[in-house]
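Following: one structure in C-alpha cells, then a few remarks.
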There are 2 protein chains.
Amino acid sequence: VSANPPTSDVVVVGGGIIGLASAWRARLRGLSVTVLERRAIGEECASAVAAGMLAPVAEAEFGDAGRRLLELGLRSARLWPDFAAELEQATGAEVGLRRNGTLLVARDADEARELERQLRFRQSLGLQVRRLAPSAARELEPALAPTVRLGLEAPEDHSVDPRRVLAALRHACELSGVRLRERAPVARVEVGAGPRVTGVVLADGSRVPAAHVVLAAGAWTAEIDGVPAHARVPVRPVKGQILRLRDPDGPGLLRRVLRFEGGYLVPRGDGRYVLGATVEERGFEPHATAGGVYELLRDARELIPGILELQLEELSVGFRPSTPDNLPAIGRGTPSGLLWAAGHHRNGILLAPLTAQLIAHALTAPDRIEDRRASLPAELEGACDPLRFATAGGLPTADPPGPPVGVHS
Amino acid sequence: VSANPPTSDVVVVGGGIIGLASAWRARLRGLSVTVLERRAIGEECASAVAAGMLAPVAEAEFGDAGRRLLELGLRSARLWPDFAAELEQATGAEVGLRRNGTLLVARDADEARELERQLRFRQSLGLQVRRLAPSAARELEPALAPTVRLGLEAPEDHSVDPRRVLAALRHACELSGVRLRERAPVARVEVGAGPRVTGVVLADGSRVPAAHVVLAAGAWTAEIDGVPAHARVPVRPVKGQILRLRDPDGPGLLRRVLRFEGGYLVPRGDGRYVLGATVEERGFEPHATAGGVYELLRDARELIPGILELQLEELSVGFRPSTPDNLPAIGRGTPSGLLWAAGHHRNGILLAPLTAQLIAHALTAPDRIEDRRASLPAELEGACDPLRFATAGGLPTADPPGPPVGVHS
C-alpha cells in the first residue's frame, strides 16, 4: 500500500465518539488517519444525544448475548478511568466522569419481585450489587418518593458526559494530527484488486484513498454502499427520545444515576439531568412526540416528584445503531482493509475505549498474535465479529489479513 | 403640538397584536404613526405564543368583572370577521380565522356538575350554548375519550392563528405607512409643559417625539418609566407554558376548539394543534418546566388519547399582561397625550379589534361625543379606564382632553 501524502493509512467514516476514539487511538500508534463526518461533529449523532451511563452491571441481561455484552461492558468500564484521564490530560478539558454509582429502583410489588430476581442474577455472576430496603434507598437519595418499594445499588456503575467527551475527542484528534473533515458524507467504500478496499467515495463524487476504512457511522452505517451484500452488518436505527432538565437551585436533587422500568435519570453534577429514553422501531423518524415526552415525565415523577420543578431545556431524538443480536460489530470485515466499529446499540459510550483499542490493534497488528494482551478471548471476539451476520454462500469469514500498514510517527 | 416631520402624531410602544392593530387603525384615520418594538416583531411577545381563542362565551365568568369582560369580549368577537377580512384584503395573507365553535368538556362527575352550573349561567345571560350528552359530544368529536362525562358547545366561539395575524398586521402597517422600528426599547415617556407627553426616550438615550404615546407593551408595559406613580396601570406578567403539536397524518383529529379544566386544545386546521396553558405567578421566569409540560400532556391525553401520537414541535413560554381586576386598560391616561392599550390578560387576541378601534377613536375624537357609535357604554368605559387604579391624592381622573391631532392623509 502506498503511503503517498493524499492516501491515509486509515479513513474512519463517522465522527461520533466511536469514530473519533478509534481515530485518536490509531493516530497515537503512528498511523495517518482521516475522519469523515457527514454533518458537523455532534450534529445528528447518537453520541451527542446519549446520557452517558457506564453501567454494565445495571444493564446486565439474561442469556448468552447478555453475558457476552456484560463481559465487554465490564472490560470497557475498567478502561474508562484511564481513557478519561488521558483525554483530559491531552486536551485540558473535563469530560464529566462521575463515580457515584447507580441505583435501580422498583415502584411496586411486581417491579420489586423482578428486582429481587435481578439481584440474585447479578450475585450469581459475582457482580458488585447491594440490596436496599426502601428506607435505605431513600437515605442514599432523599428525593426518592416514599412509594419506592426496593432499591439495588451498583456502586461501580458510573457515568460520563458524552457531549464533553465528544468535544474533548475532537480536540485530541486535532492535536494529535488526525485529519477531520466535516460535512463530508461518504457514499460508498471503494474496492480494488484483491479484493481490497482502496478508500471511499464521497457523495460529491470525490475520492478519499486509504489503505483501511473503518465504518463507524452509527445508525447510518448501513447506508454506505460498496460492501458486498453477504458481508454487511445489518445495522438499523432504534429511535430514542430523551429530555434534558436543569434544576434552577443547582445540584443536589439526585447524586446517583437512577434506573427504573422504562427509563433513567442521570445527574451531571451541576444541576443538569438527562431523562431517557424511549425505545422505538420507527426508522429515522426524527420527531419528538407528545407520547414519548409524556411517558418519560410520568415515570420519572413517580419516583422523583421533585423533577416537576426542573426546567425543561431540551428534547432530543437519537438513533441507536442496533444489530439483530444487540452486540456490536468490532474488527475486520470483508473485503480486506475494511473494518467495522458499529452496531453499539445502547452501549456506544460505555464500549468506546474498548472499541478504540480493538480497532487500533486490528489496524497495527494484523495477525493478532503479536499482541495477545489487548485482544479479546475467542468467545468475545466471535461475539463482536462483523462477519457473524455473513450469509451462507458468501466469502469465508477467515479472510486473509491484509499487508501491514506503514507507521508514520 | 407641531407636526414637523420628525414628530409623529402617535408613537405606539409595543409591536404585538394590540400595538400593531392600534397603529394600523390610527394610520387608516390619517395619523402619522411610529411603532417602537423592543425586540423583533414576534420575538418574546405574548401574541406570538397565544393560542388565539376568540371565545367570550366559553370564557364567561361569574361576578361583575366577569360580566364586563364578557360584554367586551362579545363586542370584539363581533368585530373579528370584518377585521380579519379587511386585514386579509389589505395584505393578501390568510389569518387562519376558523369558525368551528368550541366544545367544553367534563372528565368526571365533579367537573360535570360544574359544567351544568356553567351551562345554566350562560343560559341565564342569553348566550348561545348547547348541552351535549357524552354520546353527542363524541359524535361531534370522535377523538374524545369514552370517559367524557358531559359536553357544552359554544358554536360562536371561534379561533384565529395569532402568528398569522401578527405577520399580516406587520405587513398592513408597512403598506399603510406606519413607521416600524424594531430593537428599539423604550426607557421612558417624556413629559413636557401642561403636563403633556412630548414623546418617548429610548434605552440608548435618543428621543422619539410624538403628540401622543400609546403604551401597548404587554407584560413589559410596567417597566416603562416616566408615568407618575399615581397614574400607572399595575400590569404584571402571568407566565404561561404552551405546546405546539403536529399530526403527521394531517388534520382530522379534532375540529373544534376543546376546553377543559386546566387547559385547551386549539386545532389550526392543517394538522397542527396548540395545547395550553399553565397559569403561573412567577414574574418573568422564562423557562419551560417538566411539571408544566407534564400536566398539559396528562390532562389533554385524558380527553384526547390520540394526542400522544402527535409530534411535539415547540414548547413556548409567554407572559400575559395582567391587571388586578383582569380587565384591560384601554384609552386615555395621565398626563395628557398618554394612552394605554395594555393589561389584556388572557384576552389580547380576542380584544384586539375593539382595542384598536377604541384607541383610534380616542386619538381622533378627543371629546368622545362626536363619535358615539364607536364608544362604549359608560359602565364598560369605566371598566377599561386606565385611571381606575389611580391612587388617592393623585391627579383628578377627569383629565382635560389634549388638543386635537392634525390629520395627515
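We name chains A, B, ... by the order of the sequence lines, and we start the count at 1 in each one. No experiment lies behind these values; they were computed from the predicted model shown. Just so it is clear, the values below take in all heavy atoms, side chains as well, and ignore hydrogens, waters and symmetry mates.
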Per-residue contact mode, A:L315 against chain B (heavy atom under 4.5 angstrom)
side chain

Anything under 3.5 Å between chain B and chain A that's a donor-acceptor pair? List each one with its distance, please.
unit_1, atom_1, unit_2, atom_2, d
B:H287, ND1, A:Q311, NE2, 3.2
B:A288, O, A:L312, N, 2.8
B:A290, N, A:L310, O, 2.8
B:G291, N, A:L308, O, 2.8
B:Y294, OH, A:R301, NH1, 3.2
B:R301, NH1, A:Y294, OH, 3.3
B:L308, O, A:G291, N, 2.8
B:L310, O, A:A290, N, 2.8
B:Q311, NE2, A:H287, ND1, 3.2
B:L312, N, A:A288, O, 2.8

Just jot down the side-chain contact (heavy atoms from CB on, under 4.5 Å) partners of [X], sequence neighbours excluded, or say none.
X: A:V148; answer: A:V105, A:L144, A:L303
X: A:P324; answer: A:P234, A:F389
X: B:A143; answer: B:L253, B:I304

Note: A:L245 and B:A290 closest approach over all heavy atoms is CD2-CB, 4.2 Å

